[in-house]
Amino acid sequence: MTDPMDLVRQFYRAVNRRDADAIAAFYHPACIVERVFIDDEGVIEGRGVVAERWRDEFARYAGCLPGGHRVSVERVAGLETGWGWVRADWLAAVGDDRAPRHISGYSHFWIEDGLIRRHRSVAREVPADTVREATPTTRHYPERPIVGVGAVVLADDGQVVLVKRRHEPLAGQWSLPGGMLELGETLEAGVAREIAEETGLAVDVGPVIEVFDRILVDDAGRVRYHFVLVDYLCRPRGGALAAGSDVSEVVYADPERLAPFRVTEKTGDVVARALAIRER
C-alpha cells in the first residue's frame with residue numbers, strides 16, 4: 001500500500017503538471033473536499049465534481065513559480081490524529097507574470113485505502129517579497145550528527161552545476177550545491193530550497209543518488225563536523241544560474257572534465273552515479 005505521505009507528494013506533483021485526470025485518480029469516489037481552490041469557501045463531494053473543479057481552477061489561474069508550477073511544498077508530515085492523516089504546508093503563486101498572487105497555507109488529507117477521502121485547506125495571501133529566515137543551527141562541534149542535502153543538477157545538455165564554497169567546511173573548494181536540512185522540512189523540500197538559495201535555479205527533485213556521512217575532527221581528535229548527507233539527482237526547470245548564499249561562484253561544468261575544479265573524489269563518484277542513474 002502506498003505510504004500516505006508519499007501519496008500526498010505525488011498528488012502535488014500532478015498539481016504542478018496541471019494534470020486534472022491524474023489528480024482525480026488520487027481521490028476516493030465519495031471524497032469530500034473543502035476550501036481547496038483559490039477564492040473557494042465551499043464544500044464539494046465526489047471525484048467527478050472535484051476533477052471538474054480542478055480543471056476550472058487551472059483554466060482560471062496559471063502557476064507563477066519557476067517552470068509554471070503553482071505550489072511549492074514546504075513540508076509533508078503525519079498528524080497525531082492517527083494513521084492516514086497527513087498535513088502538507090505549502091507556498092503557492094498564481095495569476096499572471098504582471099500581478100501574481102502569493103499564498104501561504106496548509107492542507108489536511110485523510111488517506112483511506114490509498115485514496116484521498118477528505119481534503120481541506122487553509123490559506124492566506126502574503127506579500128510577494130516575504131523572505132523566509134533560516135533557523136540557526138550549530139554546525140561546529142555539534143551535539144549530534146546534522147542532516148544535509150545536496151544535488152547533482154544535470155542540465156538538458158548533460159552539464160552539471162558546481163559551486164565554490166564561501167565558508168567552512170570546504171571553503172574555497174568546488175563541490176555540489178547543498179546545505180543543512182531545517183527542522184520540520186522534508187528532504188525534497190530542503191534540497192530544492194538549498195539549490196534555489198545557492199544557484200538561483202528552481203529544480204525538479206528526482207531519485208536519491210547516495211546517502212553517506214562526512215566526519216571531520218580537529219587536532220585534538222574532537223569531532224568538529226559530522227554530517228549525514230543525502231544527495232539527489234535534480235534537473236533545472238527555471239530560474240537563472242547565479243551565485244547565492246554560502247557560495248562565491250557557480251558554474252555549469254562538463255561532468256567528464258572535472259579535474260580543473262579539483263573536486264573531491266567523493267564528489268566525482270556521486271556525479272558518476274548520477275550519470276549512471278540518468279542513463280537507466
Side-chain angles (χ1 to χ4, degrees), residues 64-69 72 74 91 93 129-137 139 146-182 185-212 214 216 225 227-278:
C64 295
L65 295 175
H69 286 198
S72 174
E74 301 290 288
L91 299 173
D129 58 353
T130 297
V131 177
R132 180 175 143 197
E133 296 183 0
T135 303
T137 305
R139 303 187 189 194
I146 295 172
V147 178
V149 288
V152 176
V153 182
L154 288 178
D156 291 340
D157 62 3
Q159 291 191 310
V160 62
V161 174
L162 296 180
V163 299
K164 181 180 281 189
R165 291 283 159 208
R166 190 186 301 273
H167 307 295
E168 294 291 354
L170 302 179
Q173 298 184 43
W174 289 96
S175 68
L176 298 172
M180 294 188 304
L181 195 68
E182 296 182 356
E185 186 177 47
T186 65
L187 290 166
E188 290 188 7
V191 73
R193 173 185 54 77
E194 284 289 346
I195 300 312
E197 291 176 355
E198 293 191 346
T199 74
L201 297 175
V203 297
D204 286 326
V205 181
V208 171
I209 303 169
E210 187 176 7
V211 180
F212 61 98
R214 176 175 288 136
L216 301 177
Y225 299 103
F227 295 104
V228 177
L229 303 173
V230 186
D231 280 333
Y232 284 83
L233 175 59
C234 299
R235 68 176 184 84
R237 60 172 171 82
L241 193 69
S245 64
D246 295 332
V247 304
S248 57
E249 296 180 56
V250 58
V251 297
Y252 278 117
D254 184 339
E256 303 297 333
R257 294 179 174 85
L258 297 181
F261 297 94
R262 297 184 179 180
V263 298
T264 65
E265 182 178 348
K266 186 62 179 179
T267 296
D269 180 58
V270 172
V271 171
R273 287 173 181 266
L275 294 173
I277 292 173
R278 189 186 65 168

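To the nearest 0.5 Å, the span separating OG1 on T267 from CG on L258 amounts to 9.0 Å. Of the inter-residue distances, the one linking E249 atom CD with R165 atom CZ reads 13.0 Å to the nearest 0.5 angstrom. Taking CD1 of I146 as the start and OH of Y225 as the end, the distance is 10.0 Å to the nearest 0.5 Å. Note that CG of D156 and CZ of R235 are 7.0 Å apart. Values are rounded to the nearest 0.5 Å. Taking CZ of R193 as the reference point, atom CD of E182 lies at 3.5 Å (rounded to 0.5 Å). Here CD1 of I277 is found 9.0 Å from CD of E210. Values are rounded to the nearest 0.5 Å.
A202 and P66 make their closest contact through CB-CB, 3.2 Å (heavy atoms, listed as atom of the first residue, atom of the second, distance). For the residue pair L176 and D231, the shortest heavy atom distance occurs at CD1-OD2, 4.5 Å. Closest of all the heavy-atom pairs between E74 and A189 is O-CB, 3.3 Å. Of all heavy-atom pairs spanning T199 and P177, the tightest one is CG2-CB, 3.9 Å. Between P255 and L275, the shortest heavy-atom distance links the atoms CB-CD1, 3.9 Å. Here the closest heavy-atom approach between residue C234 and residue V203 is recorded as CB-CB, 4.0 Å.
Looking at V205, I209, V152 one by one, the single match for side chain to side chain contact (heavy atoms under 4.5 Å, CB included) with Y232 turns out to be V205.
Counting heavy atoms from C-beta on, the side chains of E198 and V250 never come closer than 4.5 Å. Under the 4.5 Å side-chain criterion, counting only non-hydrogen atoms from C-beta, V161 is not in contact with I195. Annotation: side chain of W174 is in contact with side chain of V251 (closest heavy-atom distance under 4.5 Å).
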- Item | From CA spacing to verdict: side-chain contact (heavy atoms from CB on, under 4.5 Å), V147, L187 | CA-CA 9 Å; V147 178; L187 290 166; 4.2 Å; yes

- Message: With side-chain contact (heavy atoms from CB on, under 4.5 Å) as the criterion, how do S175 and V263 come out once you've worked through the C-alpha distance, each side chain's angles and the decisive distance to 0.1 Å?
- Response: CA-CA 6 Å; S175 68; V263 298; over 6 Å; no

